[in-house]
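Per chain, numbering begins at 1; letters A, B, ... match sequence-line order.
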Amino acid sequence: MSLVTAVRDYINRMLQDISGMKVLILDSHTVSTVSVAYSQSELLQKEVFLVELVDSISKSKESMSHLKAVFFLRPTSENIQRLRRQLASPRFGEYHLFFSNLLKDTQIHNLADSDEQEVVQQVQEFYADFVAIDPYHFTLNVPSNHLYILPAVVDPPSLQNFCDRVVDGIAAVFLAFKRRPIIRYQRTSDIAKRIAQETAKLMYQQESGLFDFRRTEVSPLLLVIDRRDDPLTPLLNQWTYQAMVHELIGIQDNKVDLRSTGKFPTDQQEVVLSSEQDSFFKANMYENFGDIGMNIKRLVDEFQQIAKSNQNIQTIEDMAKFVDNYPEYKKMQGNVSKHVTLVTEMSKIVEERKLMLVSQTEQELACNGGQVAAFEAVTNLLNNESISDIDRLRLVMLYALRYEKESPVQLMQLFNKLASRSAKYKPGLVQFLLKQAGVDKRTGDLYGNRDFLNIARNMARGLKGVENVYTQHQPLLFQTMESIIKGRMRDVDYPYVGNHFQQGRPQEVVIFIVGGTTYEESRSVALQNASNSGIRFVLGGSVVLNSKRFLKDLEEAQRIARPSTTVL
Amino acid sequence: MATRNRTAMYRKHRDAVKSVRAPLSSSASGSGGPVIEMASLLSSNRSSYAPLSTEDPGPSRDAFTVGLPPAWVDDSEEVAVNIQQARVKMTELVKVHAKALMPSFGDGKEDQHMIEALTLEITDILRRSEKRLQKLSASGSAEDSNIRKNVQRSLATDLQNLSMDLRRKQSTYLKRLQQQKEGPDGVDLEMNLSGNKSRLEDDEFNDMSINDYQMRKLKKSEQITGEREREIQQVVQSVNDLAQIMKDLSVLVIDQGTIVDRIDYNIQTVAVSVDEGLKQLQKAERTQKKGGMVMCATVLVIMCFFMLVLLILKEIFFSS
């Protein structure tokens with residue numbers, strides 16, 4: 001049930017029956033889908049000698065009728081229009097059309113109308129409509145993610161587009177797995193409810209024939225939850241490899257763009273961090289920073305050994321061995337320099353922003369500690385000149401989320417101090433966050449202080465002490481997964497859609513977080529899957545968040561929501 | 001993984017549309033008075049469809065049916081054929097290697113020759129293919145050059161894999177050969193040495209025969225060292241060849257797992273380089289227009305006319 005394998009299977013099937021030289025044409029969304037799962041060299045093996053975007057393919061008028069065109073697009077109206085223009089004056093010998101989701105009948109008719117020269121050989125729906133960044137983690141790269149925060153009345157058509165895109169993505173995941181799930185959603189979130197209901201309508205009514213798969217003993221579960229139930233995780237600074245790179249530098253479709261952080265030689269400006277292709281990364285992506293440092297040092301030592309022995313070419317055998325192993329050596333060299341560069345950059349950033357200091361307080365705000373000590377710590381850090389604006393904002397937000405009700409006066413003091421210290425701070429942002437994701441709005445027990453079991457657990461943990469202060473925090477998702485495993489998910493909090501009901505525990509669970517996932521949560525899921533509990537979890541979201549992105553969504557939503565609040 | 005085939009529905013609709021279109025076009029070709037009427041009917045019916053290309057479908061259809069691939073495709077196909085040939089020869093080579101390694105009564109010279117010949121052939125094919133491959137990177141339109149580059153890369157990867165495969169097979173063969181030769185030879189020599197000693201002790205009077213025997217032994221060991229040297233030379237030669245090929249190819253071959261192996265990166269760089277190319281062309285056009293040369297030429301021509309006029313005037317004035 002790996003997402004990456006599913007996408008690869010689709011692409012393989014697309015290309016396998018078409019012989020001869022091919023050109024693959026993608027749109028801006030499917031290019032992400034294909035790029036994370038398939039490499040350029042693999043395409044070349046399948047005789048695909050040109051890859052282009054559908055927007056630029058129409059600019060050239062050159063006829064290349066010795067090539068067969070394979071289109072893989074999302075079935076949007078813009079893409080259909082572009083295709084129609086292409087079909088009217090075809091450039092290639094044959095046209096094979098693959099769409100990543102369901103086609104409407106009118107779209108098929110429109111295409112058929114334009115195909116005067118009858119160049120189209122096949123029209124198929126191959127449901128790879130999601131970006132499979134890790135085997136159990138997918139994202140949809142939704143452009144206007146901030147819409148999930150706003151109420152429906154603000155911009156109904158845009159919100160409908162957002163929901164449609166999410167429903168399409170979720171449906172594609174289940175079509176790829178050939179499953180039809182039972183759907184549950186978070187009661188307190190309107191948008192989660194809407195998405196859950198629209199997905200159920202699609203799977204059980206509109207396209208019930210398509211989704212009518214062989215039923216397994218226990219149906220799989222789709223759980224739709226809202227980001228705002230756990231605003232804590234995206235705000236925290238991360239210390240495990242994959243999450244840390246995304247938090248400090250930024251990962252997009254498994255690529256890291258280093259150009260913004262400094263000057264690098266051309267081949268190191270952009271690097272690939274993919275667990276499928278890089279075995280060192282796969283072994284270390286969930287390790288914490290200290291361990292990574294040691295492992296990279298070991299890798300560098302290994303590499304230096306080999307490099308030294310390569311310089312020591314005394315005999316013919318040595319020379320022969322060097323020539324034999326040269327490709328491996330080159331690959332290793334590239335890999336080592338990539339990881340060394342990343343870790344160096346991150347160390348630099350940690351040093352500049354004093355993140356070890358900041359993160360300690362963050363973790364205490366997230367996990368334990370008393371209110372008085374927390375207030376003092378946050379005040380001190382706010383007064384500290386070398387802390388950056390974004391870190392100050394995060395600290396105040398974390399404090400506010402936890403101690404929202406406990407001491408309003410001190411909270412006000414912090415707001416004022418923040419506003420006076422940070423020139424770029426948009427006033428009211430913290431209050432906006434509290435309004436969206438405050439203790440009254442949340443379903444889950446974010447701080448483990450709602451029911452006795454959680455309080456007891458926290459106390460036990462406090463007494464035992466933690467291995468690593470910086471990685472104490474466990475995302476709320478971990479508790480959600482535990483309650484699914486134990487079958488303890490309350491119907492009151494997470495109702496079913498329609499009259500479905502789950503007998504027993506599901507074997508396969510897809511959790512979709514509206515508003516975005518984080519790499520810390522995907523790490524939680526991966527570790528859970530590795531622990532052989534008998535249940536497979538898959539995590540998906542509208543985007544992959546880091547603190548910068550989460551704050552940007554909040555700001556954007558606040559900016560849009562403000563005029564309407566003044567009206568009200 | 002679920003898929004859904006919509007080709008049937010598509011074809012059905014396409015045929016339906018075609019049958020509606022066909023009678024209209026045939027009636028348009030009809031002559032006579034009601035041509036104008038027909039034409040208006042035609043245009044009104046056409047407008048009910050989605051706007052099609054305004055091009056006359058005739059000539060484009062002709063250009064479409066030609067569909068010959070560009071010339072360089074022949075080169076790339078030849079290289080592909082060569083690679084296939086090389087693969088076949090490699091399987092032959094493996095068989096001959098295996099045969100040569102088997103213990104036999106003959107001295108295996110012909111096997112050696114076959115191995116040498118085959119190895120040379122394969123190396124030769126690889127070298128020729130590599131040279132041909134380098135020729136592929138000529139100029140052309142942006143898209144075409146991209147396709148050519150990708151074809152080059154794919155063939156280069158195949159060639160490199162083949163050369164490495166050949167190297168590996170050679171080295172395993174040589175290793176096993178050395179093991180074999182050393183084994184019996186070591187024992188042989190030892191036995192002969194001890195035999196020699198005993199003979200020395202026994203046959204002190206048979207100097208001639210001993211010398212003869214020793215000479216033969218020496219000759220044989222010389223022969224063996226000579227053969228060993230030749231083999232080493234062969235290894236050195238093939239290592240050099242293959243190293244050269246690999247060095248040349250490594251520029252073309254994509255390193256797997258790096259950013260260059262990403263499809264989205266390649267699309268970006270195409271877009272960037274096409275844009276860059278366009279900008280360069282535009283800049284060149286502009287400089288050419290503004291160009292000093294044109295200016296100079298026009299200035300000179302004007303000056304020439306001016307001088308001519310002066311000359312004529314001078315003639316008029318001074319001749320009057």
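When A/Q122, A/Q269, A/Q45, A/E276 are compared by the number of non-hydrogen pairs under 4.5 Å with chain B, A/Q122 comes out ahead. Contact count versus chain B (heavy atoms, under 4.5 Å) is highest, among A/E118, A/R13, A/M21, for A/E118. Considering only heavy-atom pairs separated by less than 4.5 Å from chain B, the leading option among A/V36, A/D278, A/V34, A/L111 is A/L111. With chain B as the partner, the residue from A/D253, A/L67, A/N254 showing the most heavy-atom pairs under 4.5 Å is A/D253. Counting heavy-atom pairs under 4.5 Å between each of A/K255, A/Q277, A/E125 and chain B puts A/E125 at the top. Of the listed residues (B/H13, B/Q160, B/R153), the greatest number of heavy-atom pairs within a distance under 4.5 Å of chain A belongs to B/H13. Ranking A/E42, A/H109, A/K338, A/E47 against chain B, the residue ahead of the rest is A/H109, based on heavy-atom pairs under 4.5 Å.
If you measure heavy-atom distances from A/F213 to chain B, the contacts under 4.5 Å come from the side chain alone. For A/R179, no part sits under 4.5 Å from any heavy atom of chain B, backbone or side chain. Contact annotation for A/V120: both backbone and side-chain heavy atoms come within less than 4.5 Å of a heavy atom of chain B. Both the backbone and the side chain of A/L103 come within contact range of chain B, with heavy atoms under 4.5 Å apart. Neither the backbone nor the side chain of A/V48 comes within less than 4.5 Å of any heavy atom of chain B. Only the backbone of B/T258 comes within contact range of chain A, with heavy atoms under 4.5 Å apart. Residue contact with chain B, scored on non-hydrogen atoms closer than 4.5 Å, involves the side chain of A/L87 exclusively. Heavy atoms closer than 4.5 Å to chain B are found in both the backbone and the side chain of A/S39. If you measure heavy-atom distances from A/E270 to chain B, the contacts under 4.5 Å come from both the backbone and the side chain. Neither the backbone nor the side chain of A/L97 comes within contact range of chain B, judged by heavy atoms closer than 4.5 Å.
A salt bridge links A/D105 and B/R6; the closest N-O separation between the charged side-chain nitrogens and carboxylate oxygens is under 4.0 Å. Contact check on B/R4 versus A/E207 returns a salt bridge, with a Lys/Arg side-chain nitrogen under 4.0 Å from an Asp/Glu carboxylate oxygen.
Applying side chain to side chain contact (heavy atoms under 4.5 Å, CB included) to A/Q40 and the options B/N266, B/D264, B/I267, B/V260 leaves one that passes, B/N266.
A/S35 places no side-chain N or O within donor-acceptor distance of the main-chain N or O of B/R262, the cut-off being under 3.5 Å. Within the 3.5 Å criterion, the main-chain N or O of A/Q121 finds a donor-acceptor partner in the side chain of B/R11. Under the 3.5 Å distance criterion, the side-chain polar atoms of B/D261 are matched with a main-chain donor or acceptor of A/S41.
Looking at A/F98 and B/T3, their side chains never come closer than 4.5 Å, going by heavy atoms from C-beta outward. By the 4.5 Å heavy-atom criterion applied to side chains, B/R21 and A/E116 are counted as neighbours.
For the atom pair CZ of B/R14 and CD1 of A/I108, the computed distance is 12.5 Å after rounding to the nearest 0.5 Å. To the nearest 0.5 angstrom, B/K149 atom NZ is 10.0 Å from A/L44 atom CG.
Closest approach of B/M1 to A/D9, counting heavy atoms only: SD-CB, 3.5 Å.
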